[in-house]
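Structure record follows, encoded as structure tokens.
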Amino acid sequence: MIKVSLPDGSVREYEEGASPFDVAKSISNSLAKKALAARVDGELRDLMRPLDGDAKVELVTANDPDGLELIRHDAAHVLAQAVQELYPDAQVTIGPVIDDGFYYDFAREEPFSTEDFEKIEAKMRAIVDADYPIIREVWDKDQAIETFKNVGEDYKAQIIDDIIPPGEAITVYKQGDWFDLCRGPHLPSTGKLPKAFKLMKLAGAYWRGDSKNEMLQRMYGTAWANEKDLKAHLLRLEEAEKRDHRKLATQLDLFHLDGLAAAGSIFWHPKGYQIWLQIESYMRRRLDAAGYEEIKTPQLMDSVQWEKSGHWGKYRENMFIVPDFIPEGDEGVDISVPEDAKLMALKPMNCPAHVEVFKSGQKSYRDLPLRLAEFGCCHRNEPHGALHGIMRVRQFTQDDAHIFCREDQIVEESIRFCRLLESVYRDFGFENIAVKLSTRPDVRAGDDATWDRAEKGLEEAVKAAGLPCEIMPGEGAFYGPKLEFQLTDAIGRVWQCGTLQLDYVLPERLGAEYTASDGSKQRPVMLHRAILGSMERFIGILIEEFSGAFPMWLSPVQVVVAAITDAANDYAVEAAAALRKAGLRVETDLRNEKINYKVREHSVQKVPIIAVVGGREAEERTLALRRLGSNGQQMISLDDACIELAQEALAPDLKPN
RNA sequence: GCCGGCUUAGCUCAGCUGGUAGAGCAUCUGAUUUGUAAUCAGAGGGUCGGGGGUUCGAGUCCCUCAGCCGGCACCA
């Protein structure tokens with residue numbers, strides 16, 4: 001007999017060889033029906049797999065997060081089986097669980113089409129209905145390779161060959177005639193898979209994630225414990241789509257993109273640029289208060305400069321290179337570049353130029369830390385397939401700064417930076433910030449003791465700002481460890497925004513030095529840092545975060561004064577002027593339209609405040625305020641409105657607490 | 001860069017198996033002077049992404065280029 005302890009603390013006895021399923025059945029039939037798998041001494045296992053001996057057993061149902069993961073994993077398997085039954089020429093590769101679902105990569109000559117989805121989903125449902133028992137088998141590695149090769153599954157054979165250490169056994173899961181290499185665990189039978197799944201999209205994906213390899217066809221799906229959850233998920237996606245910054249940018253007339261005129265660059269319209277300007281002035285105030293000095297450096301620099309900084313060697317294929325020559329001829333100007341023409345490059349980064357500013361004149365240890373900031377416009381020749389709305393562009397402006405300091409000042413500076421970043425993000429309403437600490441890579445500059453200090457310093461800095469931090473081992477740049485601060489867009493895509501990178505190398509390469517207290521020349525350490533990252537990307541995320549309904553201080557138009565009839569026009573103009581004088585961004589709407597029409601239009605345009613004026617208001621010198629998102633009206637005197645609204649419109653850093 | 005899909009009026013979209021383009025909103029003009037989410041009427045507006053081909057005839061079929069979208073790779 002074996003002893004099984006259950007989560008409620010009770011202990012029960014079972015025959016040798018009993019499985020978690022037997023345990024579930026002994027508790028209740030309904031539990032046995034609902035159970036999908038079990039945690040045995042904390043390890044997730046198949047429901048039918050016999051227990052090895054005494055154990056703590058927890059049954060996992062669809063309501064358990066692990067249960068949902070099992071469902072998605074099984075959905076991937078059922079998908080693979082369905083595809084192979086329908087398209088025998090398709091080879092299976094891998095099919096993991098991801099956020100909200102799963103995918104499966106297939107190798108097949110002929111492309112799949114989304115029109116195949118219906119057929120595949122029907123087949124998947126048929127496999128669920130067939131209720132094939134899912135059986136775990138342990139195979140010998142060589143035998144497994146042989147078997148998979150024999151059935152034409154070269155990719156699977158390769159996975160086994162590469163991933164499984166020699167001599168080790170592997171597990172294979174069978175369902176009906178179909179079988180797949182898999183670590184498991186799985187549901188006891190295909191019938192346990194809820195039919196709440198849906199194939200979502202097709203995409204190409206490189207075998208093993210390497211662009212040198214062949215491209216496979218990836219099918220993405222979503223799977224849930226029940227139909228209701230699936231519906232809710234699809235609805236969420238629909239809602240998220242409405243918040244897409246590209247859609248809102250058109251609706252709210254913020255900016256436009258023109259892939260033909262300037263792929264990957266943005267045409268900012270007055271309203272969008274107003275948001276930009278507000279953010280820029282806010283950042284300028286915050287940086288100034290934090291001891292930064294703002295500079296402006298060249299857009300174009302000689303290739304010699306980029307050679308010295310190392311960019312020419314490491315980053316050239318992403319740089320826009322411009323020949324420094326004047327084309328000759330009058331008609332049909334000859335633009336063929338002479339061979340001896342000097343080359344210039346648009347800056348992809350600001351750092352080398354900032355070092356030049358540091359280097360000009362003499363620097364003393366008394367000048368450190370020197371914090372040089374720039375809203376630096378950078379150009380990067382990104383692969384066309386990488387461009388994405390305003391989030392990934394080829395021309396963008398960083399809220400960049402470089403802190404030149406002594407090594408013993410790094411920790412203090414990092415802490416100050418993380419605190420500043422946290423406070424800025426909070427002002428913009430972001431609370432969920434993912435922080436990644438990338439540590440030393442295999443190939444790196446500098447000694448281990450320095451890396452130890454640097455990594456520890458960054459970790460300490462993140463903690464001091466009260467942010468959680470995930471370590472990414474080996475992901476650091478060769479010149480130093482880095483922190484990355486990430487925000488998420490409407491549909492859950494993660495974007496890097498802020499960053500803090502320690503750099504011991506560039507000051508050396510470009511020969512930056514300062515005079516220490518003992519008169520010796522010393523090398524400063526350089527901290528590359530950005531809070532918003534790029535203005536473009538940050539604004540894109542803000543648009544999605546607020547669904548275009550910006551808080552008052554960022555809103556391009558803060559108040560629209562809408563007149564009810566032309567009799568109120570004069571007063572509307574006067575009221576708008578008064579509000580403008582109070583510092584607000586105000587428009588008037590004097591069109592010959594009904595007030596309903598105006599209210600609707602400005603509400604759709606997400607203007608925070610509509611001030612309606614008619615005869616009564618003109619007479620009493622008041623405004624009828626309607627705030628975005630509320631149907632109520634607030635009657636207020638024009639004088640009070642000027643004071644009250646101006647107060648409301650203050651940026652967070654200017655608001656008295 | 002790679003795989004797949006898409007590209008029709010300013011915007012959102014319709015246009016069946018090929019017979020030389022439609023709607024709503026927006027714009028303009030006129031009427032209406034209106035009290036908190038769309039007043040009515042009229043008008044203008046498109047070499048159907050570019051180029052090539054098949055055909056008596058192409059928005060529709062084929063090729064090609066570009067851009068965009070979704071992924072992958074990339075992302076100091």
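Worth saying up front: this structure is predicted, and the values here are computed from it rather than measured. Chain naming here is simple, since letters A, B, ... match the order of the sequence lines and numbering starts at 1 in each.
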Determine, using ring centers only, whether A:Phe358 and A:Phe404 are less than 6.0 Å apart.
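Ring centroids of A:Phe404 and A:Phe358 are less than 6.0 Å from each other.
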
Could you state the atom-to-atom distance from [atom1] of [X] to [atom2] of [N] in whole Å?
X: A:Asp99; N: B:rG71; atom1: CG; atom2: P; answer: 13 Å
X: A:Gln486; N: B:rC75; atom1: CD; atom2: P; answer: 14 Å
X: A:Asp105; N: B:rG71; atom1: CG; atom2: C1'; answer: 11 Å
X: A:Met200; N: B:rC69; atom1: CE; atom2: P; answer: 19 Å
X: A:Arg591; N: B:rU29; atom1: CZ; atom2: P; answer: 13 Å
X: A:Glu620; N: B:rG35; atom1: CD; atom2: P; answer: 17 Å

At under 4.0 Å, does any side-chain N or O of [X] touch on OP1 or OP2 of [N]?
X: A:Lys594; N: B:rU39; value: no
X: A:Arg208; N: B:rC72; value: no
X: A:His384; N: B:rG1; value: yes
X: A:Arg493; N: B:rG70; value: yes
X: A:Asn596; N: B:rU36; value: no
X: A:Tyr597; N: B:rA26; value: yes
X: A:His388; N: B:rC69; value: no
X: A:Arg246; N: B:rC68; value: no

So for [X] and [N], does any side-chain atom that can act as donor or acceptor lie under 3.5 Å from a complementary atom in the base?
X: A:Asp566; N: B:rU33; answer: yes
X: A:Tyr206; N: B:rG71; answer: no
X: A:Arg392; N: B:rC75; answer: yes
X: A:Glu617; N: B:rG35; answer: yes

Distance-only polar pair, side chains of [X] and [Y], donor-acceptor under 3.5 Å:
X: A:Asp447; Y: A:Thr450; answer: yes
X: A:Lys436; Y: A:Gln486; answer: yes
X: A:Tyr479; Y: A:Gln501; answer: yes

Under 4.0 Å, counting only non-hydrogen atoms across every strand here, what does [X] touch: a base, just sugar-phosphate, or nothing?
X: A:Arg616; value: base
X: A:Lys314; value: base
X: A:Gly615; value: base
X: A:Ile595; value: sugar-phosphate

Where does RNA chain B pair, written as one dot-bracket string 5' to 3', with Watson-Crick or G-U pairs under 3.5 Å, ( ) inside the strand, [ ] for crossing pairs and | for another strand?
(((((((..((((.....[..)))).(((((.......))))).....(((((..]....))))))))))))....

Between [Y] and [X], is there a side-chain heavy-atom distance shorter than 4.5 Å?
X: A:Gln558; Y: A:Val586; value: no
X: A:Glu241; Y: A:Lys247; value: yes
X: A:Arg453; Y: A:Glu407; value: yes

Check A:Glu153, A:Lys123, A:Gln91 against A:Gln84 for a side-chain hydrogen bond (donor to acceptor under 3.5 Å, both in side chains) and give me the one that passes.
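Answer after filtering A:Glu153, A:Lys123, A:Gln91: A:Glu153.
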
In terms of the nearest nucleotide of RNA chain B, which residue is placed more toward the 5' end: A:Arg218 or A:Asp258?
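Whichever sits nearer the 5' end wins; that is A:Asp258.
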
